[in-house]
A.B. asks: 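Here it is: the structure, laid out below.
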Protein chains: 2
Amino acid sequence: MTNQTEDRRPLSRQIADELRNEIESGQHASGAKLPSQRQLAERFSAARNTVDEALKILAQEGLVVAEHGRGVFVRVKQPLIRLGSDRYSPKHRETGLSPFLIECARQGKVGRFEVLNIERIKPNKELAKQLHVSEKAKSVLRRENVFYADADPVYRVTTWIPWRIAQGTGLLQEEVPHQYGIHGVFEEKGHVMTRINDEITARMPTPEEVRYLNLSPGIPVIEVMHTSLDQDGEPYEVTRFVMRSDMNGLSYNVPVE
Amino acid sequence: MTNQTEDRRPLSRQIADELRNEIESGQHASGAKLPSQRQLAERFSAARNTVDEALKILAQEGLVVAEHGRGVFVRVKQPLIRLGSDRYSPKHRETGLSPFLIECARQGKVGRFEVLNIERIKPNKELAKQLHVSEKAKSVLRRENVFYADADPVYRVTTWIPWRIAQGTGLLQEEVPHQYGIHGVFEEKGHVMTRINDEITARMPTPEEVRYLNLSPGIPVIEVMHTSLDQDGEPYEVTRFVMRSDMNGLSYNVPVE
DNA sequence: GAGTGGTCTAGACCACCTA
DNA sequence: AGGTGGTCTAGACCACTCC
């Protein structure tokens, strides 16, 4: 650290900056344990509180993770699972695997998902508009899932389907009644996916999402609002993906129209 | 707050949860000032430090913003600027405006950008591979910009162009030498944009990005690595957008192939 | 000048992990 | 048992804003 008496930045920032430098220059390898807070406090002639503050800054940047009783560690970057614009492409049918499972397999992981709940609901205003259904009735089927790669929760997924389409298809059951999954069901009903519309945002997770996705501090989520459009341009399904950004990315390889 | 003696969560969390509830239930309107830290400390029978901690949790979630000397305020949500998959579409040529400017105008804002620097550089390994250029020479032109909506910085944009394409086009000057912008220049050189590939991630900003984008705590950035492909499938330009997620979203409306 | 948030200290107790 | 992070306290001083 440079001349402390001249430096007007808060001490906790200075310590954070110094440690960040050390990490980025490779003095603390990925996964390595940093000196304890008490050791750092002595080194920087600061109170332990102040060191804790500095480490919280780095944790918030996603650079380090504290583990209670063990120490503070340089965060190990995970390879990203890339959800692609081709994730619904018919070309993936041949393998019988969804793109998520393919990507997991490519990384030597086992992908799976759990059904949280399935319910027939009244849509809110916006959803009713998007799906061209009535706002007054229980006109929509909602399915909520969590996707896992090995033991790590990766996405929180909610799918909304107009009841006129879901009706009588068995989509009220956990088990999806089609070998090509939910989109196989839609095709049988005469809705061939022709275009998709994905609206993407990023934000910090809600406390509920922190629980579901087992998120540590400093990890934002990516939210994708996806709409499927059929051969007539009619929307027939909306899905929201909430993804942990430390394990996920998106990829759109598309023609310019 | 419920029975404090039974609650095992840290006091700062309890305070944060309580205040979050109050905000979400509308007891503190958007933009409203919360009670001062000293008042809250008294109300919750806690040290001011503890209240400060609680407010930092909410700030990190993007719910409130502290303003030094003024108070802590409920964050006002900004309307999002949506960068679309059609942002390069020839159909926007007629207006003579870029999609960014159109979107700004729609929100009653004035869009503009500043050139930070323009330089001929040696690409790193990954970039060399993406652009099919040599890693050993100064084979790439880099242009760095910041985009603004009114006074707010919105994107940090870096564009890399193979020097063999940029050479002799005037792209070394600040002023882009074509009425249709930089992509007009590429077309004149025989590269018609036929496909794009966008790789999207989200993360917390680096301290440098915090400075450039004037970011407050709890706001992640969205990073888009964009590649333009010409009629032969050849990549001829890579652009990185770093966008503040509180003012930006993405939108992909694309065919299923 | 009064009020606000920003930061720091020194010490304390707790919960968790490793051995 | 001993070390580590998690949290809280009480008090202090500072920088900023507003009147």
Side-chain angles (χ1 to χ4, degrees), chain A residues 1 4-19 23 28 31-61 63-75 207 210 214-218, chain B residues 1 4-19 23 28 31-61 63-75 207 210 214-218:
Chain A
M1 207 153 48
Q4 225 170 289
T5 56
E6 290 296 333
D7 201 331
R8 310 169 93 71
R9 291 170 305 161
L11 181 52
S12 52
R13 292 294 172 115
Q14 295 178 43
I15 296 174
D17 290 349
E18 177 71 11
L19 292 174
I23 291 169
H28 306 284
K33 183 174 169 304
L34 296 184
S36 77
Q37 294 189 350
R38 287 162 179 87
Q39 286 169 349
L40 290 171
E42 179 156 15
R43 167 176 163 200
F44 291 108
S45 312
R48 181 161 75 97
N49 268 347
T50 307
V51 169
D52 188 61
E53 187 64 28
L55 290 169
K56 277 198 178 122
I57 291 172
L58 298 181
Q60 207 185 122
E61 291 173 7
L63 256 184
V64 304
V65 199
E67 295 184 29
H68 196 170
R70 305 218 315 125
V72 177
F73 300 83
V74 179
R75 184 188 289 280
V210 169
N214 190 220
L215 286 168
S216 40
Chain B
M1 206 153 49
Q4 223 169 292
T5 57
E6 291 296 332
D7 201 332
R8 310 170 93 70
R9 291 170 306 162
L11 181 53
S12 52
R13 293 293 174 117
Q14 294 178 42
I15 296 173
D17 291 349
E18 176 72 10
L19 292 174
I23 291 169
H28 306 284
K33 184 174 169 304
L34 296 184
S36 78
Q37 294 189 350
R38 287 162 179 87
Q39 286 169 347
L40 290 171
E42 180 157 16
R43 166 175 162 198
F44 292 109
S45 311
R48 183 162 70 100
N49 268 347
T50 306
V51 169
D52 188 60
E53 187 64 28
L55 290 171
K56 276 196 179 123
I57 291 171
L58 298 181
Q60 209 188 121
E61 292 172 8
L63 256 185
V64 304
V65 200
E67 295 184 29
H68 196 170
R70 304 219 315 127
V72 178
F73 300 83
V74 179
R75 185 188 290 280
V210 170
N214 189 220
L215 286 168
S216 42

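Chain letters run A, B, ... following the sequence lines, proteins first and then strands; every chain starts at 1. Computed from a predicted structure; not experimentally measured.
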A.B. asks: Which comes earlier along DNA chain C counting from the 5' end, the contact point of B:Lys56 or that of B:Gln39, where each point is its nearest nucleotide?
C.D. replies: B:Gln39
A.B. asks: Report the residues that fulfil side-chain contact (heavy atoms from CB on, under 4.5 Å) with A:Gln60, sequence neighbours left out, ordered by chain and then residue number.
C.D. replies: B:Gln60, B:Pro217
A.B. asks: Can you name the residues that form a side-chain contact (heavy atoms from CB on, under 4.5 Å) with A:Glu53, not counting sequence neighbours?
C.D. replies: A:Ser12, B:Lys56
A.B. asks: State which residues pass side-chain contact (heavy atoms from CB on, under 4.5 Å) with A:Glu67; sequence neighbours excluded, sorted by chain then number.
C.D. replies: A:Arg70, A:Phe73
A.B. asks: Look at the side chain of A:Arg38 and the base of D:dG5, then say whether one donor and one acceptor between them are separated by less than 3.5 Å.
C.D. replies: yes
A.B. asks: Would you kindly give the CG-to-C1' distance between A:Leu58 and D:dG5, to the nearest whole Å?
C.D. replies: 15 Å
A.B. asks: Quick one: label B:Glu53 by what it contacts on the DNA or RNA (base, sugar-phosphate, nothing), any heavy atom closer than 4.0 Å.
C.D. replies: nothing
A.B. asks: My understanding is that only residues two or more places apart in sequence, or in another chain, count here; which of them pass side-chain hydrogen bond (donor to acceptor under 3.5 Å, both in side chains) with A:Ser36?
C.D. replies: none
A.B. asks: Going 5' to 3' along DNA chain C, which nucleotides are the first and last within contact of chain A (any atom under 4.0 Å from a heavy atom)?
C.D. replies: C:dT7 to C:dT18
A.B. asks: Just the rounded figure in Å: distance from C1' of D:dC16 to NE2 of B:His68.
C.D. replies: 5 Å
A.B. asks: Return the CG to CD1 distance between A:Leu34 and A:Ile23, rounded to the nearest 0.5 Å.
C.D. replies: 5.5 Å
A.B. asks: Report the residues that fulfil side-chain hydrogen bond (donor to acceptor under 3.5 Å, both in side chains) with A:Asn49, sequence neighbours left out, ordered by chain and then residue number.
C.D. replies: none
A.B. asks: DNA chain C: B:Glu67 or A:Gly69, which has the more 5' nearest nucleotide?
C.D. replies: B:Glu67
